[in-house]
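Below, chain A is the first sequence line, B the second, and so on; all start at residue 1.
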There are 2 protein chains.
Amino acid sequence: MIDAQEKLSSMALTVFALNGLFLTVAEGLAVPAGLTATRWQVLGAVLREPLTQAEIARRMGITRQSVQRTANQLAEDGMLAMIPNPSHRKAMLLQPTEKGLAAIRAIHPQHAAFAGRLKTELGEERMVRLSDALTELRSAMDHLVPAEAD
Amino acid sequence: MIDAQEKLSSMALTVFALNGLFLTVAEGLAVPAGLTATRWQVLGAVLREPLTQAEIARRMGITRQSVQRTANQLAEDGMLAMIPNPSHRKAMLLQPTEKGLAAIRAIHPQHAAFAGRLKTELGEERMVRLSDALTELRSAMDHLVPAEAD
DNA sequence: CTCGAATTGACAGCACGCTAACAAATCGTC
DNA sequence: GACGATTTGTTAGCGTGCTGTCAATTCGAG
């Protein structure tokens, strides 16, 4: 019989620590390319197809308002362009500019390098297993924590 | 042969999502007791023994400055007391007041209840396995991300 | 004992998450 | 077509993480 309460606390603290570690890594990769971790994430969300603020927010699991501020900053920096949305006059579609794409490309090699180091550290089998474990835990938490309606 | 880069991104995004979920839960538990997730964490850190700001920060993996602000707020609210430190005149030790302990006690039943729900959702064996996976990943990331000197 | 290095607390300011509240646009039902 | 409900963008303000910088204190090498 385990102490579930103790286990929960320990898992939460570990997740908080991992969040900090991944954020540190992302920041370290993004900053040399003239981005931040957050801007990289937003820019990355519209690489495949243009999306609205609200769509990006839903996919990233954060609020529309947070996306908006970041998107505006990226637009000010000329990395993100607003294009008209045929199906909604007010909700413009966001897509990277050439400058934005260049920033993403600049990150790519360093990103791959760190991924390689993690794979070396963990081994391929373990990396897959741990990734699956994260997904499993997320799924369980999703069931217990209903999403906000907004 | 897996795509390590893709895997890394996916793991990072899942950790970010888990961070948000655990934070939402913690906030939901803490607020009814007159705390926030952060204040609960700081108060929880000095339950066993009084610690200085810097010691709390190291254990929580955050900066001294963040702990300081939270500790000051808890002190203003009468939940945290500063007691003299025999081995350092400037670095006072922090410990919960009776009011602080009462807040922690108020959280306890709800905390246990959520832990029970998670155990029910996952099953005991899986809960242990996922917790161990988190710890494993943290250890690997710790090796790749050297701590700041401060 | 002395003096430079390291630790600690304090204060200021920034980044980015959040909620709250509103108007504009769209959707759905009648 | 009309009208209430929903979605979207916008603005404002707060919480809490971070970095930078400084003075006070303690530690450690000589």
Quiz prompt | Nearest-0.5 Å distance, CE of residue B:Met141 to CG of residue A:Leu118 | solution = 6.5 Å
Quiz item: Within this structure, what is the CE-to-P distance between B:Met92 and C:dG9, rounded to whole angstrom?
Solution: 11 Å
Self-check item: Protein-nucleotide distance (A:Asn19, atom CG; C:dA15, atom P), rounded to Å
Solution: 19 Å
Quiz item: Whole-Å distance between D:dG17 P and A:Glu27 CD?
Solution: 16 Å
Exercise. Answer yes or no: is there a side-chain heavy-atom contact under 4.5 Å between A:Leu137 and B:Phe22?
Key: yes
Practice problem: Figure out the CG/C1' separation between A:Leu23 and C:dA15, and round it to whole Å. | Solution: 11 Å
Quiz item: Could you give the angle between the helix axes at the two ends of the helix from C:dC1-D:dG30 to C:dC30-D:dG1, with five pairs per end, rounded to 10 degrees?
Solution: 40°
Quiz item: Starting at CZ of B:Phe22 and ending at P of C:dC18, how long is that distance when rounded to a whole Å?
Solution: 17 Å
Quiz item: How long is the gap from CG on A:Leu43 to CD1 on A:Ile104, to the nearest 0.5 Å?
Solution: 4.0 Å
Exercise. Could you grab the distance from atom OG1 of A:Thr63 to atom CZ of A:Arg69, nearest 0.5 Å is fine?
Key: 8.5 Å
Exercise. Taking all heavy atoms of A:Ala30 and all of A:Ile107, pick out the closest pair and write down the distance.
Key: CA-CD1, 3.8 Å
Quiz item: Under a 4.5 Å cut-off applied to non-hydrogen side-chain atoms, are A:Leu29 and A:Leu35 in contact?
Solution: no
Practice problem: Output the single nucleotide from C:dC16, D:dT8, C:dG9 whose closest atom is nearest the side chain of B:Ala91. | Solution: C:dG9
Practice problem: Scan B:Val46, B:Leu93, B:Leu94 and name whichever one has a side chain to side chain contact (heavy atoms under 4.5 Å, CB included) with B:Thr52. | Solution: B:Leu93
Quiz item: Listed in order of residue number, which residues of residues 39-51 of chain B have a non-hydrogen atom at under 4.0 Å from DNA chain D?
Solution: none
Quiz item: What's the spacing between B:Leu51 CG and B:Gln95 CD if we round to 0.5 Å?
Solution: 10.5 Å
Practice problem: Answer yes or no: does a side-chain N or O of A:Ser87 lie under 4.0 Å from OP1 or OP2 of C:dT26? | Solution: no
Exercise. Specify the residue among A:Arg89 and A:Thr38 whose closest nucleotide of DNA chain C lies further upstream toward the 5′ end.
Key: A:Thr38
Quiz item: From the list C:dA24, C:dG9, D:dG17, which nucleotide is the closest neighbour of the side chain of A:Lys90?
Solution: C:dA24
Quiz item: Which pair of heavy atoms, one from B:Arg126 and one from B:Arg129, lies closest together, and at what distance?
Solution: CG-NH2, 3.0 Å
Exercise. May I have the step-by-step check of salt bridge (charged side-chain N to carboxylate O under 4.0 Å, His left out) for A:Lys7 and A:Asp3, ending in yes or no?
Key: CA-CA 6 Å; A:Lys7 215 71 185 166; A:Asp3 181 345; over 6 Å; no
Self-check item: Value rounded to 0.5 Å, distance of CD in B:Gln5 from NE2 in A:His111
Solution: 5.0 Å
Quiz item: Does a side-chain N-to-carboxylate-O contact under 4.0 Å join B:Arg105 and B:Glu98?
Solution: yes
Practice problem: Whole angstrom is fine here: how far is it from NE2 in A:His88 over to P in D:dT10? | Solution: 11 Å
Exercise. For DNA chain D, determine which residues of residues 55-85 of chain A have any heavy atom closer than 4.0 angstrom to one of its atoms, and list them numerically.
Key: A:Arg58, A:Arg64, A:Gln65, A:Gln68
Exercise. Rounded to the nearest angstrom, tell me the gap between atom CG in A:Asp150 and atom P in C:dA21.
Key: 13 Å
Quiz prompt | Interatomic distance where CG belongs to B:Leu18 and P belongs to C:dG17 [whole Å] | solution = 17 Å
